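Let me begin by presenting the structure, written as structure tokens, before commenting on it.
In each ligand, atom 1 is the first atom listed, and ligand 1 is the first ligand listed. It should be emphasised that the depicted structure is a prediction, and the values quoted were computed from it without experimental measurement.
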Amino acid sequence: MLNMFNTKKDFHDSNCTVAILPVGALEQHGSHLPVGTDNIFAEYFARQIAEKLEGAYLLPVIPITSSIEHREGKGTVFVKADTLALIIRDIAESLRYAGFKQLIILNWHGGNWIIKPTIRSLNRELHPFEVILLDSGLAAHRHGEIFKHTKNDLHAGEMETSLMLYLHKNYVGEIRSQTNTEFAPQAFMDYFDVTQITEDGYWGYPEEATIEKGEKMARIFIECALEYLQEIERMKLKVKESESLL
Ligand SMILES: [Zn+2]
């Protein structure tokens with residue numbers, strides 16, 4: 001694995017063609033988790049994946065992203081979604097220029113939804129350069145194996161608090177209980193600020209979090225991410241085969 005501590009010579013001597021970009025967020029996560037939570041998770045998973053894909057280039061995390069829905073929680077810093085799209089575009093183009101063939105984005109913040117339409121375009125515009133998204137919801141179909149709550153556990157809830165307990169127990173503070181335990185659907189972030197419709201800024205069930213759940217989540221997420229990358233490779237072969245028959 002290469003990263004920002006390697007030199008120009010290291011890059012030239014390697015035949016590195018894949019770059020992995022962690023994308024996090026700097027935003028309030030209730031009273032019990034740090035504002036940099038999404039950066040910690042994005043970096044952790046990007047590193048795990050980079051280590052599995054020998055010879056990949058692990059880029060530093062993009063730490064300030066699209067968190068306007070958390071703007072009222074002090075400690076949150078955000079850029080506009082359009083700005084994030086431009087940053088992603090520029091990074092993809094500069095990697096392509098340098099001879100890379102693939103950019104894998106590990107995004108750990110739901111508010112960065114603009115990455116999806118951006119890469120859908122980039123994959124056509126920059127072809128044969130590829131941009132692939134590994135999103136924090138990638139293992140959602142398996143959350144039922146781990147968590148009590150799989151619905152509306154969106155932010156600093158059972159899943160994220162479990163992961164933080166597993167990765168950095170010392171970063172988990174006291175959970176301030178909310179009297180209203182019914183959480184709105186995610187789409188309501190389009191209309192309201194998170195701190196307007198939650199009591200402590202979290203959206204989900206952190207009181208159900210455990211280290212064991214966090215360990216299982218980390219393992220399953222990495223499994224699902226690697227499977228997803230393999231699935232794409234298989235589909236590429238299939239497409240190539242069917243095109244060669246034409
Ligand atoms: Zn988060």
Side-chain angles (χ1 to χ4, degrees), residues 21-48 61-79 81 84 105-116 133-140 143 146-147 149-176 178 183-190 192-211 213-218 220-222 224-225:
L21 175 68
V23 179
L26 195 63
E27 60 185 31
Q28 73 79 24
H29 270 72
S31 296
H32 62 286
L33 292 183
V35 292
T37 292
D38 294 356
N39 290 325
I40 293 168
F41 295 158
E43 259 189 324
Y44 171 77
F45 285 116
R47 180 175 293 274
Q48 296 294 315
V61 69
I62 302 186
I64 295 178
T65 61
S66 179
S67 305
I68 196 167
E69 69 278 14
H70 294 283
R71 64 186 178 163
E72 288 186 354
K74 199 164 186 181
T76 300
V77 184
F78 62 93
V79 297
L84 177 64
I105 297 175
L106 193 310
N107 171 52
W108 199 273
H109 171 46
N112 293 336
W113 46 267
I114 202 154
I115 293 175
K116 217 171 143 56
L133 176 62
L134 299 176
D135 197 71
S136 53
L138 191 82
H143 285 188
I146 316 168
F147 302 112
H149 298 274
T150 51
K151 220 180 126 217
N152 300 335
D153 187 73
L154 299 173
H155 183 71
E158 185 182 4
M159 189 264 275
E160 285 198 314
T161 309
S162 295
L163 264 182
M164 194 62 92
L165 281 172
Y166 169 57
L167 295 176
H168 300 283
K169 207 168 112 195
N170 54 321
Y171 289 166
V172 181
E174 203 179 320
I175 297 163
R176 242 181 71 194
Q178 297 190 169
F183 291 91
Q186 187 166 20
F188 279 34
M189 290 188 199
D190 293 344
F192 305 98
D193 284 339
V194 172
T195 46
Q196 287 179 315
I197 54 171
T198 63
E199 290 166 38
D200 189 41
Y202 64 82
W203 193 306
Y205 308 89
E207 62 285 346
E208 302 286 352
T210 66
I211 294 182
K213 289 177 186 175
E215 187 274 330
K216 206 167 170 193
M217 172 66 194
I220 286 179
F221 184 84
I222 294 163
C224 288

- prompt: Hey, is the main chain of A184 close enough, under 3.5 Å, to the side chain of W203 for a donor-acceptor pair?
  reply: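 Judged by distance alone, yes, a pair lies under 3.5 Å.
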- request: Please confirm whether the backbone N or O of Q178 pairs with a side-chain atom of Y202, one donor and one acceptor, at under 3.5 Å?
  value: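 Yes, the answer is positive, given that a donor and an acceptor are paired below the 3.5 Å cut-off.
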task: Output every pair passing salt bridge (Lys or Arg N to Asp or Glu O under 4.0 Å) with a member in residues 199-210, not counting sequence neighbours, ordered by first then second residue.
output: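 Those involving residues 199-210 are K148-E208, R176-D200.
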- request: Step through the shown structure and confirm whether more than 12 heavy atoms of other residues, nucleotides or ligands are within 6.0 Å of CD on E174.
  value: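 At most 12 heavy atoms, drawn from other residues, nucleotides or ligands, come within 6.0 Å of this atom.
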query: Taking the six-membered ring for Trp, is the centroid-to-centroid distance between H70 and H155 below 6.0 Å?
result: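 Here the rings of H155 and H70 have centres that are less than 6.0 Å from each other.
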message: So that I know where these two stand, are F147 and Y205 an aromatic pair - ring centroids less than 6.0 Å apart?
response: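 Ring-ring flag for F147/Y205: false, centres at least 6.0 Å apart.
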message: Check for me: within less than 2.8 Å of the Zn ion (ligand 1), which protein N/O/S atoms show up?
response: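 You should have found H29 NE2, D38 OD1, E160 OE1, E160 OE2.
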